[in-house]
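Here the structure comes first, spelled out in structure tokens, and everything after it is commentary.
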Amino acid sequence: MRQMHDGYIITGTDTGIGKTVFAAGLTAALNATYWKPIQSGLEDETDTQTVQRLGKLKPAQIHAEAYQLTTPCSPHRAAEIDGVTIDTDTLTPPSTQGPLIIEGAGGLLVPITNTTLQIDTFVRFNRPIILCARTALGTINHTLLSIEALRHRELPLAGVAFIGDPNDDSEQTICRMGRTTHLGRLPSLDPLDADTLRRAFQANFQTLLAPRTVPCG
């Protein structure tokens, strides 16, 4: 046996739930590199810039987006507005010496093109997936639906990372009925900066940060 950590795909049950903050914490904790294949919305700080700032990452730990789209909306529509054609065949994870954290755009069934969903690109990436989920009302339905979508495509689910205030019943219900692992919970942070994120990650995700063992050969 050998110790190996190729990294993870980070996705969410919805947009705006905190998966970029989670990705920053995980990338820093694993001393990994980060790649967001498609960025929709360029008016404020991009997700890549947020991850670099909150993770205190070196430039070498950041891989440029394959596509940067102006409008903050579904990639298929943002590409149409910009007059860009997204070629999903070119969305190939960069080669790295260590773990690579890939952050998806929005949720699993977000359209990347008029014929391709975000989840379809994950099939090609061939990495374990961490599903980020809110702890607020509605999370049970959204999270279990996302788990069903992953299982339908036989994608490997490492587990669920919860984000927000504690909700023991919802968290336990999701993991029990979804037959998956509770990876930890990232609490609301005030202030949210590199130091508070680092401390919160070390306190709440020790199991996730342990090396994974895979067979040789």
Checklist entry - Should Leu30 and Val21 be regarded as members of a common hydrophobic cluster, given that ILVMFWY residues are connected when their side-chain heavy atoms come within less than 4.5 Å of each other, either directly or indirectly? => result yes
Item to check | Verify same cluster id: Leu192, Phe201 (apolar side-chain graph, 4.5 Å) | outcome: yes
Item to check | Asp120 vs Ile112, side chain to side chain contact (heavy atoms under 4.5 Å, CB included): CA-CA, chis, key distance, verdict | outcome: CA-CA 9 Å; Asp120 298 323; Ile112 300 300; over 6 Å; no
Treating [X] as the side-chain partner and [Y] as the backbone partner, does any N or O pair qualify as donor plus acceptor under 3.5 Å?
X      : Y      : value
Gln39  : Gly41  : yes
Thr196 : Pro191 : yes
Arg124 : Leu91  : yes
Thr27  : Tyr34  : no
Thr139 : Arg134 : yes
Gln202 : Arg199 : no
Trp35  : Ala64  : yes
Arg127 : Phe125 : yes
Thr71  : Cys73  : no

Measure the shortest side-chain to side-chain distance between [X] and [Y] over non-hydrogen atoms and say whether it is less than 4.5 angstrom.
X      : Y      : answer
Ile101 : Ile10  : yes
Pro128 : Leu157 : no
Thr96  : His63  : yes
Glu65  : Ile38  : no
Asn204 : Leu186 : no

[X] side, atom [atom1]; [Y] side, atom [atom2] - distance, nearest 0.5 Å:
X      : Y      : atom1 : atom2 : result
Lys19  : Ile130 : NZ    : CD1   : 12.5 Å
Ile81  : Leu69  : CD1   : CG    : 9.5 Å
Gln118 : Leu109 : CD    : CG    : 10.0 Å
Phe122 : Ile129 : CZ    : CD1   : 6.0 Å
Thr50  : Glu103 : OG1   : CD    : 9.0 Å
Ile140 : Asn167 : CD1   : CG    : 7.5 Å

Please give me the minimum heavy-atom distance between [X] and [Y], naming the atom from each residue.
X      : Y      : result
Phe162 : Cys175 : CE1-SG, 4.0 Å
Ala200 : Leu189 : CB-CD2, 3.9 Å
Pro111 : Pro75  : O-CD, 3.5 Å
Ala32  : Pro99  : CB-O, 3.2 Å
Ala133 : Thr143 : CB-OG1, 3.4 Å
Thr15  : Gly106 : CB-CA, 4.4 Å

Next on the checklist: side chain to side chain contact (heavy atoms under 4.5 Å, CB included), that's the test. Do Thr33 and Ile62 meet it? Break it down for me.
Outcome noted: CA-CA 6 Å; Thr33 55; Ile62 296 292; over 6 Å; no
Next on the checklist: Using a 6.0 Å cut-off, check whether atom CG of Asn126 has over 12 heavy atoms from anything other than its own residue.
Outcome noted: no
Item to check | Neighbour count above 12 (heavy atom, 6.0 Å) for His142 NE2 | outcome: no
Next on the checklist: With side-chain contact (heavy atoms from CB on, under 4.5 Å) as the test, pick out the partner of Tyr67 among Thr85, Thr90, Asp82.
Outcome noted: Thr90
Next on the checklist: Under the side chain to side chain donor-acceptor pair (under 3.5 Å) definition, can you give me all pairs with a residue in residues 172-188, not counting sequence neighbours?
Outcome noted: Glu171-His182
Next on the checklist: For Leu117 and Val110: C-alpha separation, side-chain torsions, deciding distance, then whether side chain to side chain contact (heavy atoms under 4.5 Å, CB included) applies.
Outcome noted: CA-CA 6 Å; Leu117 300 172; Val110 166; over 6 Å; no
Checklist entry - Using 4.0 Å as the upper bound for N to carboxylate O, is an ion pair formed by Glu148 and Arg151? => result no
Checklist entry - Hey, is Lys56 close enough to Asp195 for a salt bridge, meaning N to O under 4.0 Å? => result yes
Checklist entry - Would Cys132 and Thr11 satisfy side chain to side chain contact (heavy atoms under 4.5 Å, CB included), going step by step from the backbone distance to the final call? => result CA-CA 6 Å; Cys132 293; Thr11 190; over 6 Å; no
Item to check | Worked verdict on Gln52 versus Gln49 for side-chain hydrogen bond (donor to acceptor under 3.5 Å, both in side chains) | outcome: CA-CA 5 Å; Gln52 186 166 17; Gln49 291 168 337; over 6 Å; no
Checklist entry - Would you say the ring centroid of Phe205 lies under 6.0 angstrom from that of Phe22? => result yes
